[in-house]
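A short write-up of the structure that comes next.
Note on naming: letters A, B, ... go to the chains in the order of the sequence lines (proteins, then strands), and numbering restarts at 1 for each one.
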Amino acid sequence: MFAGALRAEWIKLTTIRSHFVLAIVAVAFSFLVVLLTANAASDFDFATGEDLADLVVGVGLVTIMLLAVVSVLATTGEFTYNTLRPTFAAIPNRWSALAAKLVINVVTNMVLTAITVIVGWVGASAILDRSTITLSDGGARGQLMALVLLSGLLSMLGMALAMLMRNSAAAIAILLLWPFVVESLLAGFFSVLGQEGLVKFLPYIAGFRMVNLFDEGSDTSDLLSPTVGGIYFACVVIGLWLLGALSTDRRDA
Amino acid sequence: MIEVQNLTKRFGAQVAVDDLSFEVHEGRVTGFLGPNGSGKSTTMRCMVGLDRQQRGETRFDGKEFAAHARPLTQIGSLLDAGYVHPARTAHNHLRWLAASNGLPKARVEEVLEMVGLSPVAKRRVKTYSLGMRQRLGIASVMLGDPHTLILDEPGNGLDPEGIRWVRDVLRLFAGQGKTVLVSSHLLSEMQLMANDLIVIGRGRLIDQCPVGEFVRRHATRWVRVRSPQLGRLTTALQGQVQSVETVDGTTADLHGVTTEIVGEVAAAKQIVLHELSMQTGSLEDAFLRATAHTGEYAARAVPGAEAGSPPQDYQPQGYPPQGGPQGSGWAPPGGPPPPSQDGR
């Protein structure tokens, strides 16, 4: 039965044109920016694999946010157009249906992110043509793998917000404004209160530590380590998803 | 067979379905009737687990809906033709439904052919008319060739040919021994299609019986008499008849009297009778009378059309008092509906 639910969710995800368009834009954006930046780089830029990984990850963050928006749309669409009803009429075990949607969206986003990362890295390496750039430089490999993992978590977060909000605009607004506006404001607020120690527990700040986003030239001693930050962010995301799934399971479809 | 037992569903303080119990039998088309807001759609959604009821249960062939591993092969439900993503094609909509229950792709083509949507199956649903969406909904019900079918207003948006097609399909299914529960506001259609009726009002059961029996129980009944000595006959019946409606010079409809009394009086007075028959109102008449005091949003009566309204003091059998009449009901212009002999 779960295999059937997975097949159904795959067909649902891949038969809406807007999902395709957004996913292609997300992947193409990252690929083009990485290649153009590599092409315009001087001899002093990107001396090591770690430098190139920073570029791929920095641009890739936009990609994974856009892919998370696809996950939001794939979920809110079920509420907006009431397709959740035929879904639950076909798969009465709601947790099974929601889990299938989760697996398909998370895996798809992780695969697309991995493709973006691999193609960007290989393309940029070929353009730069420097023997000094290798995946074993510093934490380059781990940083790129963390981006793929973060993409899966953001997809899950998008679905969690979609289940809780049941509205595309609200869920997308929270997904995108939370890291760039809400957490910045909260971080400033904590500083004013002299509670800087709380900043590290803001979910996105902790999650972005997975890809060492704040290591370059900044003091990260007050932040969680990449591993602990990633685990903390994953716990928050899983908690929100469970809350959303529980709400969807208990409420009328 | 469907067994609904003590189903209760509340939305906040509002009771939508109130301790409702009924059975739907195999091999018969069962019509599900009730005024707007009576709880039909909510009941159907609770039956297939989409709405969470506070109390009660529904069993399909002895098992709850959620206990069916591949429900589309057991229970097909069409609760609203609009439950489709408008940007998805009909073909892809049916593909995901089929995949969810392990049904072969070929079945998608088959049902599209059956409902006549094959030529437009690759078009996005947002370009479909309401009737085409309804056909797509019916295709999704037929996808798993289920033993039980639940349809909420399947005739909505269909043209006369489509309505007739739905009727023929549902009667065919019932003829094959399937269980069919269908709600509709088209009472004339229900009269042609349904074997049994379940009538609810304010979420409570008003009556459950075969269509003919329902009409006999609830519709207006009167005696039609045709005689060349009509004047003598009506004079002789004075005091034994509630009211007399003269149809023409030799024909009259007598209310509040039986054929036996009219026959005996005519015989005693040696009055020649050319016709003496009991007349029964239509299903619409029976429905309006049975649900007279249960409509949640009743329109005001159309001036000059009171003749078709159910009497305010009429109380259907088996329905508990609800604190007096609500509103004045709606009456079709042009007087009462044409009578039929047996309500079918």
Side-chain angles (χ1 to χ4, degrees), chain A residues 1-23 70 72-101 103-105 108 162 166 168 245-253, chain B residues 9 11 16 42 44-53 60 63-103 105 108 122 124-126 136-137 140-141 143-144 146 150:
Chain A
M1 191 66 197
F2 190 66
L6 286 174
R7 276 195 295 275
E9 287 303 329
W10 173 250
I11 294 170
K12 277 193 208 173
L13 183 67
T14 55
T15 52
I16 300 294
R17 195 180 293 170
S18 61
H19 296 172
F20 262 117
V21 171
L22 202 52
V70 176
V72 171
L73 293 176
T75 309
T76 50
E78 299 267 26
F79 295 100
T80 306
Y81 302 111
N82 282 315
T83 48
L84 206 60
R85 289 176 176 173
T87 300
F88 290 157
I91 308 163
N93 184 335
R94 295 185 180 189
W95 283 94
S96 180
L98 295 174
K101 184 177 282 297
V103 169
I104 290 297
N105 277 273
T108 302
R166 298 186 166 206
S168 302
L246 193 68
S247 147
T248 308
D249 182 54
R250 293 212 171 158
R251 288 166 74 169
D252 295 336
Chain B
K9 171 67 181 172
F11 296 104
T42 305
M44 287 177 152
R45 285 200 303 271
C46 287
M47 287 169 71
V48 295
L50 296 181
D51 278 9
R52 302 297 202 196
Q53 68 263 24
F60 298 89
K63 285 160 65 176
E64 285 192 7
F65 183 80
H68 291 272
R70 296 165 67 214
L72 295 187
T73 62
Q74 305 292 322
I75 303 134
S77 59
L78 170 59
L79 302 184
D80 191 321
Y83 296 165
V84 186
H85 198 300
R88 195 171 278 130
T89 66
H91 186 262
N92 284 330
H93 174 71
L94 294 175
R95 260 182 68 216
W96 78 255
L97 274 173
S100 70
N101 276 237
L103 301 168
K105 275 187 200 167
V108 171
K122 300 289 170 73
R124 284 189 278 178
V125 175
K126 68 180 171 189
L136 176 59
S140 68
V141 170
L143 199 58
I150 299 174

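- Between the side chain of B:Arg95 and the backbone N or O of A:Ile11, no donor-acceptor pair lies under 3.5 Å.
- Heavy atoms of B:Ser77 lying under 4.5 Å from chain A belong exclusively to its side chain.
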Would you sort out whether B:His85 and A:Glu78 count as a side-chain contact (heavy atoms from CB on, under 4.5 Å), showing the intermediate values?
-> CA-CA 8 Å; B:His85 198 300; A:Glu78 299 267 26; over 6 Å; no

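- Chain A forms more heavy-atom pairs under 4.5 Å with one residue of B:Ala87, B:Gly144, B:Pro86 than with any other, namely B:Pro86.
- Proximity to chain B is absent for every atom of A:Ser18, based on heavy atoms less than 4.5 angstrom apart.
- Between B:Ala66 and A:Pro92 the shortest heavy-atom distance is CA-CB, 3.7 Å.
- Ranked by heavy-atom pairs under 4.5 Å with chain A, the first of B:Ile75, B:Leu78, B:Leu72 is B:Leu72.
- Contacts of B:Asn101 with chain A are made by side-chain atoms alone, with heavy-atom separations under 4.5 Å and no backbone atom involved.
- Considering NE2 of B:His93 and OG1 of A:Thr15, their distance stands at 10.5 Å, rounded to 0.5 Å.
- Counting heavy-atom pairs closer than 4.5 Å to chain A, the top-ranked of the candidates B:Val84, B:Leu103, B:Leu143 is B:Val84.
- By the 4.5 Å heavy-atom criterion applied to side chains, A:Asp249 and B:Arg52 are counted as neighbours.
- Here B:Asn92 contributes atom CG and A:Ile16 contributes atom CD1; the two are 8.5 Å apart, rounded to the nearest 0.5 Å.
- With respect to the salt-bridge test (charged N to carboxylate O, under 4.0 angstrom), the residues B:Asp51 and A:Arg251 do not qualify.
- Among A:Ala100, A:Ala89, A:Ala3, the residue with the largest count of heavy-atom pairs under 4.5 Å with chain B is A:Ala89.
- Note: B:Arg88 CZ to A:Lys12 NZ = 7.0 Å, rounded to the nearest 0.5 Å.
- The CH2 atom of B:Trp96 lies 13.5 Å from the CG atom of A:Leu13; values are rounded to the nearest 0.5 Å.
- Residue A:Phe2 qualifies as enclosed at atom CZ: its count of foreign heavy atoms under 6.0 Å is above 12.
- When heavy atoms are compared at a cutoff of 4.5 Å, B:Ala69 approaches chain A solely by way of its backbone atoms N, CA, C and O.
- A 4.5 Å side-chain heavy-atom check between A:Thr83 and B:Tyr83 finds every atom pair outside the cut-off.
- A:Asp252 contributes atom CG, which lies 9.5 Å from atom CD of B:Gln53 (distance to the nearest 0.5 angstrom).
- The distance from atom CZ of A:Arg85 to atom CG of B:Asp80, rounded to the nearest 0.5 Å, is 7.5 Å.
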